[in-house]
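Notes for the one structure printed next.
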Number of protein chains: 2
Amino acid sequence: MPKSKRLMELMMTVNRKRRFKVQELADEFGVSKRTILRDLQELSELGVPLYSEVGPHGGYQVLRERVLPPIAFTEGEAVSMFFAVHALRHYSSLPFETESASALNKFYLHMPGDIRDRIDSMKDRVDFITPARRGDAPCLSVLLDAAIQGKVLVVQYESKEEGSHNRMIQPVCIYANNGLWYCTAYCFLRRGFRVFRCDRIREASYEATEVEPIELSDIRASRQGAATPREPVRLRAEFTRAGIQRCESELWLAPMLVVREDGSGWIDTEVARSDLPFFTEFFIALGKETVLQEPAELKNSIRQRLAELLERYE
Amino acid sequence: MPKSKRLMELMMTVNRKRRFKVQELADEFGVSKRTILRDLQELSELGVPLYSEVGPHGGYQVLRERVLPPIAFTEGEAVSMFFAVHALRHYSSLPFETESASALNKFYLHMPGDIRDRIDSMKDRVDFITPARRGDAPCLSVLLDAAIQGKVLVVQYESKEEGSHNRMIQPVCIYANNGLWYCTAYCFLRRGFRVFRCDRIREASYEATEVEPIELSDIRASRQGAATPREPVRLRAEFTRAGIQRCESELWLAPMLVVREDGSGWIDTEVARSDLPFFTEFFIALGKETVLQEPAELKNSIRQRLAELLERYE
DNA sequence: ATAATGGTGACAAGTCTTGTCATAAACTCA
DNA sequence: TGAGTTTATGACAAGACTTGTCACCATTAT
């Protein structure tokens, strides 16, 4: 095998196995140890961050920095990747530390000049906005780690109602929505799946929890479990065109909407009775853009609420 | 220069200049044409998509696909990039066509096995959610292109009030927010900067507009121009803790909020009189979580609105 | 037709690569 | 302490690979 090809393959190989001995590679490539040593030095000069230790149990290592093999990207692909990573700057907290910033930088610096020009001309013209929020979420990486490894955490959670207290939870997944991070987790206190706002989790640690982690083979099942409504109540309402447009902004509502040709529409679904206070506010906010047909119970609570408000503003 | 190094440099060079002749490179590298030809063939075998045409005015070209030079990414950087691009799948429309999907795929396939494992274990655990919206925005790439090149477009816009009609606009920038795409543009009809919802732009074309594009050297100035309030009215209000939390979800409001230690807070700012109808609805939606202090005008309109609603639900 | 440009094969000169050997240094473990 | 393991470096000859040259072909624009 000619040297140039061997170097390329060597690069892939050392990236695959992060630790290796010279003899190993020599056998694998059918060349002498001396040759491999020389090759490794060249790779090193080319930027692959190799580190070696002598002695028994020694050997070579690739440091955390690894060279990805060269990839053929479309110009458009490269641009897409750039803006995707660029969008992450809106997040004040990320589960991957600050590494996206340096990735962006490296990516940008390695671009051929004309692509870089194109990016420059687009940089001020395109953006994926995420609302910048105050709440930092300091525990994201711990939560993610626990989710991946299926471990139980003790967290200090500051809930809306009860103030700050400790809970044991087993994270399932974390996600960002509308500028805030949330964590779905099994809560050992409440014995069920709950969603936690990550910025309200002040501390999280693995410390000696004797609780056995539960089995989470099917994540989706657990998610659904969290959402099953009890005490269903039928909800029917008409929406004007403007009403529909506003409803479409609501994640949970959009899938249940039925839209007519002319843009207006309606909803006919079952909701949990315990959610009625929420719907009271929701329908009030919709103002004249809706006509509520059912349930009477909701109409009543809306009337009552409106009367209270009116009194407040008198 | 040894061959292996020359190959690497050659890769960079052909990526920089997308069209070139063999003789050119031969001079540049101080080797013969024959050697360059052989090298180019090797690059080709390595995946660089070269294309050549014979004859005068012929020469080599790198096709739209280009090999980015190998970049040293931290493991964390690679993972961040993956999830950043992964998040784009939530968007039903993008200004860069479908190229992010293929970028993601290539990226994933080229990862060393253990990083791929790590990504797999994280894929169901982390997400950047963007509300999935119905409205497709078919014209994004045209709008972006016009913004970059400073051209005037004729668009068919379906506005909330006036239905569908044509306008001439000069796009400034486009951005995604909460699942919808918006375009800031100079509107020649209204003679000022306006924000358009891209999914309401049915068609956009360059066709023979004799209108001269305006100068947009400073984009930020133009953005501000769009936001300067006329007929300012002083707005003062108190918010409970829960009220503050809801206000923080509002992008335009968050910067003006003042938050106290205990989580409650207030606002004291100037708004345009023309926005009062909007604030009427906004404060009604806030319910009991706020106490409006000023202006009386707004209080009146809220009262009136509440009374109307109450009647509706009677 | 002519000139420009890429494409291929053959071959000798010579450069670069490789394996071997010797030696050193650092480290582990018994 | 000493034996064994592993990286590290230098020297050198054999030889594998690379290079330049040259001859020739194919295609295409002018």
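In the text below, chain A, chain B and the rest are named by the order of the sequence lines, each starting its count at 1. Remember, predicted model here, so these are calculated numbers, not experimental data.
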Exercise. Whole Å only: how far is the NZ atom of Lys3(B) from the P atom of dT19(D)?
Worked result: 6 Å

Exercise. Between Arg19(A) (CZ) and dT6(D) (P), how many Å, whole number?
Worked result: 12 Å

Exercise. Any donor-acceptor pair under 3.5 Å linking the side chain of Arg125(A) with the backbone of Val172(B)?
Worked result: yes

Exercise. Just how far, in rounded Å, is P of dT6(D) from CG of Leu50(A)?
Worked result: 18 Å

For this session: Could you tell me whether Lys21(B) contacts a base, only the sugar-phosphate backbone, or nothing, with contacts defined as non-hydrogen atoms closer than 4.0 Å?
Result: sugar-phosphate

Problem set entry | Side-chain N,O (Ser32(A)) to OP1/OP2 (dT20(C)) below 4.0 Å | no

Exercise. Just by modelled atom types, is the Leu40(A) backbone N or O under 3.5 Å from a matching donor or acceptor in the Ser44(A) side chain?
Worked result: no

For this session: Check the distance between dG6(C)'s P and Gln61(B)'s CD and give it to me in whole angstrom.
Result: 11 Å

Problem set entry | Atom pair distance, as rounded to whole Å: CG in Leu25(B) and P in dG20(D) | 14 Å

For this session: Kindly say if Ser52(B) contacts the phosphate of dG7(C), meaning a side-chain N or O under 4.0 Å from OP1 or OP2.
Result: yes

Exercise. Any luck finding a side-chain donor-acceptor pair between Tyr108(B) and Asp120(B) under 3.5 Å?
Worked result: yes

For this session: Give Glu53(A) one of three labels, base, sugar-phosphate or nothing, depending on what nucleic acid heavy atoms sit under 4.0 Å from its own.
Result: sugar-phosphate

Exercise. When rounded to the nearest 0.5 angstrom, what is the spacing between CZ in Phe82(A) and CE in Met81(B)?
Worked result: 9.5 Å

Exercise. What integer distance in Å separates Tyr51(B):OH from dG7(C):P?
Worked result: 10 Å

Exercise. Counting just side-chain N and O atoms, does Arg6(A) come under 4.0 Å of either OP1 or OP2 of dT17(C)?
Worked result: no

For this session: Output yes when a side-chain donor or acceptor of Trp181(B) lies under 3.5 Å from a complementary backbone atom of Leu140(B), and no otherwise.
Result: no

Exercise. Toward the 5' end of DNA chain D, which comes first, Lys33(A) or Asp39(B), by nearest nucleotide?
Worked result: Lys33(A)

For this session: With DNA chain D as reference, determine whether Gly58(A) or Ser4(A) sits nearer its 5' end, using the nearest nucleotide of each.
Result: Gly58(A)

Problem set entry | Candidate nucleotides dA3(C), dT9(D), dG4(D), ranked by approach to the side chain of Leu37(A) - the nearest | dT9(D)

Seminar exercise, completed: Side-chain contact check for Arg34(B): nearest option of dT18(C), dG9(C), dT7(D) is dG9(C)

Exercise. Does dT30(D) have OP1 or OP2 sitting under 4.0 Å from an N or O in the side chain of His57(B)?
Worked result: yes

Exercise. OH of Tyr60(A) versus C1' of dA26(C): gap in Å, rounded?
Worked result: 14 Å

For this session: Go through dT17(C), dA11(D), dG4(D) for me and flag the one nearest to the Arg38(A) side chain.
Result: dA11(D)

Problem set entry | Val54(B) side chain, from C-beta outward: closest of dC27(C), dT18(C), dT28(D) | dT28(D)

Exercise. In terms of ring plane angle, is the pair Phe83(A) and Phe96(B) parallel, tilted or perpendicular, where the classes change at 30° and 60°?
Worked result: parallel

Problem set entry | Protein-nucleotide distance (Met1(B), atom CE; dC16(C), atom P), rounded to Å | 11 Å

Exercise. Closest nucleotide of DNA chain C for Gly59(B) versus for Thr35(A): which of these residues is on the 5' side?
Worked result: Gly59(B)

Problem set entry | Upstream residue (5' side of DNA chain C) when Val31(A) and Gly55(A) are each assigned their closest nucleotide | Val31(A)

